[in-house]
Amino acid sequence: MNRKNAEKSGAKTAVIGHPIAHSKSPLIHNYWLNHYNLPGHYEALDIPPENLKKDVDNLVNNGYCGFNVTVPHKISIMDLCYEIDEIASSIGAVNTVTIKDGKLYGANTDAYGFIENIKNHAKLYGFSWQLNDGPAVILGAGGAARAAVYGLLQEDVPEIILLNRSKERAENLALMDKRIKVIEWEKRADSLENANFLVNTTSLGMKGQPPLEIDLSRANPSITVHDIVYNPLHTQLLKNADKAHLRTITGIGMLLHQARPGFKLWNGVMPDVTAELEDLVLT
Ligand code: ATR
């Protein structure tokens with residue numbers, strides 16, 4: 001389908017993953033399509049790894065404009081892309097694909113979503129605090145951590161202290177920039193004394209997972225504590241930070257903001273994150 005036809009009948013878009021039933025992306029994109037009165041279509045497609053190439057070829061042949069990519073395809077989709085933008089290359093994963101003239105163009109919007117959420121939250125709640133006021137402590141070294149580190153480096157954070165259960169994985173991520181220093185997972189409480197920002201990118205604290213154990217009693221009183229886990233929204237880490245009178249940022253905004261650039265690419269409108277959308281996704 002050419003662009004003119006796509007405009008007439010609306011952009012055909014999707015999220016691909018395996019499993020996919022849990023994905024909030026259809027809820028978000030269909031909310032925006034409805035909100036902006038656009039004729040597009042967004043669905044969740046369960047694609048097992050062995051069918052990736054065949055099923056993606058089908059999307060191309062069926063006139064899809066693009067799709068989001070989630071677990072387990074964020075890395076393997078890169079092999080099918082004709083071009084991968086600089087951000088996705090640096091992060092090492094693609095979560096947003098645009099199809100043009102039968103070719104796949106890969107991007108990564110997770111770092112954008114991560115930073116936009118922090119900035120919006122800080123603005124909304126009138127924080128007298130900036131991301132680059134001092135060192136950031138990042139817990140975790142998976143895909144989410146890579147996006148967070150990339151975003152923080154772009155925001156000129158002076159130093160990133162990285163801690164991960166498996167130190168080797170953290171050391172690998174630290175190759176991204178000289179400003180990243182790896183320390184032992186066991187030293188997480190010590191790392192907070194001079195930190196300006198703490199973010200949990202691990203799955204600890206997520207529903208069904210053990211809580212993240214970290215002693216906040218020696219944390220810099222002006223630190224901001226962010227958990228990218230959004231189920232539950234108020235994780236034990238954020239509850240403990242609240243009790244210690246520290247500023248906190250919840251994780252739901254990252255999910256919502258990372259979806260915006262893809263929607264713009266496919267539908268031509270940069271959508272807003274509203275309280276109504278946030279409530280819809282959280283219920
Ligand atoms: P994502 O792409 O969402 O970041 P991931 O790549 O599976 O997911 O990364 C999960 C992160 O949570 C990793 O940093 C992982 O630590 P390891 O690299 O050592 O596996 C971390 N994590 C998961 N369970 C953990 C646990 N019980 N204790 C400490 N860290 C844990």
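Both counts, for ligands and for their atoms, begin at 1 and track the order of listing.
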Contacting atoms of ligand 1, where contact means under 4.0 angstrom from a heavy atom of W185: 29 (C)
Subset of ligand 1 atoms that lie under 4.0 Å from at least one heavy atom of G140: 14 (O)
Does either side chain, that of [X] or that of [Y], offer a donor lying less than 3.5 Å from an acceptor on the other one?
{"X": "T235", "Y": "D227", "value": "yes"}
{"X": "Q258", "Y": "N95", "value": "yes"}
{"X": "T202", "Y": "N200", "value": "yes"}
{"X": "D156", "Y": "N132", "value": "no"}

Greater than 12 external heavy atoms within 6.0 Å of E193's CD: yes
Proximity of R165 to ligand 1 by residue part, where a heavy atom lies under 4.0 Å: both
Any side-chain heavy-atom pair of T224 and L246 under 4.5 Å: no
Heavy atom of S203, distance to ligand 1 below 4.0 Å: yes
Would [X] count as being in polar contact with ligand 1, using the rule that some N or O on each side must be under 3.5 angstrom apart?
{"X": "R169", "result": "yes"}
{"X": "A144", "result": "yes"}
{"X": "G143", "result": "yes"}
{"X": "N164", "result": "yes"}

How far is [atom] from its nearest protein heavy atom, and which residue and atom name does that atom have?
{"atom": "atom 9 (O) of ligand 1", "value": "G142 CA, 3.7 Å"}
{"atom": "atom 19 (O) of ligand 1", "value": "S166 N, 2.9 Å"}
{"atom": "atom 29 (C) of ligand 1", "value": "L204 CD1, 3.5 Å"}
{"atom": "atom 11 (C) of ligand 1", "value": "T202 CA, 3.9 Å"}

ring-ring contact (aromatic ring centres under 6.0 Å, His included) partners of residues 192-247, not counting sequence neighbours, each pair once: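 Applying ring-ring contact (aromatic ring centres under 6.0 Å, His included) to every pair that reaches into residues 192-247, excluding sequence neighbours, yields F114-H226, W129-F197.
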Heavy-atom protein neighbour under 4.0 angstrom from atom 16 (O) of ligand 1: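 When distances to the protein are checked, atom 16 (O) of ligand 1 has a heavy atom within 4.0 Å.
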Atom 25 (C) of ligand 1: any protein heavy atom closer than 4.0 Å: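 Under 4.0 Å from atom 25 (C) of ligand 1, at least one protein heavy atom found.
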Aromatic plane relationship, W32 with F263 - under 30° parallel, 30 to 60° tilted, over 60° perpendicular: perpendicular
Pair T96-N108, side-chain contact (heavy atoms from CB on, under 4.5 Å): steps then yes or no: CA-CA 6 Å; T96 304; N108 190 310; over 6 Å; no
